[in-house]
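Accompanying notes for the structure given below.
Below, chains carry the letters A, B, ... as their sequence lines are ordered, and counting in each starts from 1.
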Amino acid sequence: MTDAHDNHSDAGGVELVGPIPDPGLPEHQWRPTDVDAHQEKRAERQVAALFGLSALATIGFLVAYFTLDIGDDWHLIGGFGASTMALGLFLGLALMFIGIGVIHWARKLMADHELVEMRHPARSADEDRDVAVQAINDGLAESGIGRRPLIRNSLLGAVGLLGLPAVVVLRDLGPLPGDKLYHTIWGKGTKDKPMRIVRDGIWTPILASDLEIGDLVNCQPDALHNPERYDIDPSEVEGVNLQIHKSKASLILLRMNPDDIKPGKDSQGNSRENWSVDGIVAYSKICTHVGCPISLNERTTHHLLCPCHQSTFDLADSGKVVFGPAGRPLPQLPITVDDEGYLVAQSDFDEPVGPSFWERDYYER
Amino acid sequence: MRLLNRSAGRLSRHRRGPIAGLLVLVCGLLLTGGLYAAFAPAQADTDQDEAALIKEGRELFLVGCAFCHGQNGEGVLTQGGSQYGPPLTDVGAAAVDFQVGTGRMPMAQPGAQAPRKEVVYSEEEIAALSAYVGSLGTGPAIPDKELYSTEGMSEKEIEELVVRGGQIFLANCTACHNFEGSGGAMPRGGYAPKIRGVDSKHIYEAMLTGPQSMDTFSDGNIPPEDKKAVIAYLNELDEAPSYSGFTLGSLGPVSEGIIAWVGGIGVLVGFAVWIAAHTTRSSKKKDEAAA
């Protein structure tokens, strides 16, 4: 520290020298291939060899094309299929060696110029700026836009009208969903024919007595496979409509020890005690965060995990969120059994399923 | 009738020879004795075998399992009240056959996951353990081979089974075990194991008993015929070729993305660096070399 201080005070006494003069550009250093004929020859041979390898690979491609079968040799060469593997590999190598050869050529043998680009300020010179402003003003004056209001106004009208196609096209994204987000096809059951719960993919109704504690069933409403029973037009559950219904109505059904269940409250504040049948509970399969379908259930804890963002719901406790970004509990479907003993929905969900939206209500369980 | 009734057509059609009655008696006795010999003692033998098997199983159980599961399979609680080894009174023989037959039990140490490992017990010992635990209470028995084997089915029947099995697999199993059965992560350090290349019997038993945290898929949940379909689908996956390409563990976009971004783009960056890098320079001057 003392040294530095001393130096500083010394400098004050010495006569200041001017700015350091521009040292200029360092002398150009040549590549070994520029100054050594032997090296040059060697690089030339290397480039030629790379191009030669490319030619060999091309020939390999042609040979493979005509000799290897495309058919049943998929197990050859590590399970990749001899033909596909050889064709892809040889063509890739042929292109790659040409590329490597060209670059090697450029690096070792092509002209070795050093280019210097000096820095300059980004602002244009004043004369240039004046010329540009003058040109714009001249253009405006010559077009006479200030003097010809008819042209100006019709232009403004035409440009303004161009906004309409955007409005019309975006309108096509609608119509607004109305109350569709609040209802699912589970509500389409009637007093005589309540909506049966069926196994997804198997499409058979479920006898409550058939399920054992620990069972998890992935379910769909019977109406998707059997619309006539509920007086639903079959076209309502076909194609894209089927997907829409599945995306809202998919259900998971679990049987757990009835003592494990802590019945919460419904939207009216009544107990959910009669929403389950002998420990069988049903919840929406659609995550309340961003709507992924979830059925990663842990039998021992009744915790249901969403694979997308790790939201975890406790299915023994009204589907409350125990972990993760989901903001609302999983909607529960009130279920009972019909006169034949099959599991049916008592009614629709008492809240919208799936992700949150602006107008959506929330109630404490 | 000629032999027993020599007098037929001679003195009277109703008169029999003197030894006919004796012969009938002997035949009857032989038949009764033979039938008894064939059935009754055999029954006694299997009962004895079963009892011996259960006894042998109990001895093995006391040595290898009782420390965690209790001396009578009643389960052991920790001092904190959580489950150390769960009760085995109602898990059934199928659960034991799965857990011990895949090496999951006995566990090396308690933890979030009972990993598949080398099988410790011999087949006879597993049979004895299964018989003992099966005798403790209710629970599914070890499934018969015809429940999970597609032997003797025509090609077309198997194809239909595989298609159906695929739909059931995608609806019920994919969430945890991945769309190709490659397995996946579960909460708190657990995971759903890879289920490719697993013995058909063990897959059937796993569905039936719900090992560890897995839900059960009892016969009332997924009927036996549909369980067979799922197994047929998994076996079909094992045989299906992956045409020209790395499967990258069939884990889906995560492993594919890592390889593409780190591996693929890494190589491209390497090429870019090489293209723009300075070449070697010499200290010699051009005219020097020429001279």
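For A:Trp105, the CH2 atom counts as loosely surrounded, since its 6.0 Å shell holds 12 or fewer non-hydrogen atoms of other residues, nucleotides or ligands. By the 6.0 Å contact criterion, CD on A:Glu340 is enclosed, its count of non-hydrogen atoms from other residues, nucleotides or ligands being greater than 12. Counting non-hydrogen atoms of neighbouring residues, nucleotides and ligands closer than 6.0 angstrom, the CD atom of B:Glu159 reaches no more than 12 such neighbours. Remark: A:Arg42 CZ is loosely packed, at most 12 non-hydrogen atoms of other residues, nucleotides or ligands lying under 6.0 Å away.
In this structure, B:Gly220 and A:Leu211 approach most closely via the heavy-atom pair O-CD2, 3.9 Å. What you find for B:Arg164 and A:Ile202 is that their closest heavy atoms are NH2-CG2, 3.4 Å. Nearest approach of A:Leu216 to B:Asn221, heavy atoms of both residues: O-ND2, 2.8 Å.
In this structure, the separation between OG on B:Ser283 and CD on A:Glu27 is 11.0 Å, given to the nearest 0.5 Å. To the nearest 0.5 angstrom, B:Thr279 atom OG1 is 10.5 Å from A:His104 atom NE2. With rounding to the nearest 0.5 angstrom, the OG1 atom of B:Thr280 is 11.5 Å from the CD atom of A:Gln29. The distance from atom CG of B:Asn172 to atom OG of A:Ser295, rounded to the nearest 0.5 Å, is 7.5 Å.
Contact of A:Ile100 with chain B is made through backbone and side chain together, with heavy-atom distances under 4.5 Å. When heavy atoms are compared at a cutoff of 4.5 Å, B:Ile168 approaches chain A solely by way of its side chain, counted from C-beta outward. Of the atoms belonging to A:Pro307, not a single heavy atom falls under 4.5 Å from chain B. Proximity to chain A is absent for every atom of B:Pro140, based on heavy atoms less than 4.5 angstrom apart. Of the two parts of B:Pro223, only the side chain, counted from C-beta on, holds a non-hydrogen atom closer than 4.5 Å to a non-hydrogen atom of chain A. Proximity to chain B (any heavy atom under 4.5 Å) is restricted, for A:Thr301, to the side chain, taken from C-beta onward.
By number of non-hydrogen pairs under 4.5 angstrom with chain B, the leading residue of A:Thr33, A:Asn218, A:Leu207, A:Thr204 is A:Asn218. Interface summary for chain B: among A:Leu305, A:Asn297, A:Asp200, the most heavy-atom pairs under 4.5 angstrom belong to A:Asn297. Annotation: maximal heavy-atom pairing with chain A below 4.5 Å, among B:Phe217, B:Trp274, B:Phe271, B:Phe169, occurs at B:Trp274. Taking chain B as the reference chain and counting heavy-atom pairs below 4.5 Å, the highest number among A:Leu296, A:Ile294, A:Asp210 is found for A:Leu296. Between chain B and the residues A:His28, A:Arg255, A:Arg31, A:Gln39, the most heavy-atom pairs under 4.5 angstrom are made by A:Arg31. Among B:Gln212, B:Gln167, B:His177, the residue with the largest count of heavy-atom pairs under 4.5 Å with chain A is B:Gln212.
B:Thr216 places a side-chain N or O within 3.5 Å of a backbone atom of A:Gly214 that can act as its donor or acceptor partner. Of the possible donor and acceptor atoms, none in the side chain of A:Arg107 sits under 3.5 Å from a partner among the backbone N and O of B:Ala276. Between the A:Arg299 side chain and the B:Gly210 main chain, a donor and an acceptor come within less than 3.5 Å of each other.
Within residues 260-269 of chain B, no residue has any heavy atom closer than 4.5 Å to a heavy atom of chain A. Contact residues of residues 179-192 of chain B toward chain A are B:Ala185, B:Met186, B:Pro187, B:Arg188 (heavy-atom distance under 4.5 Å).
Between A:Asp112 and B:Arg281 there is a salt bridge, since a side-chain N of the basic residue sits under 4.0 Å from a carboxylate O of the acidic one.
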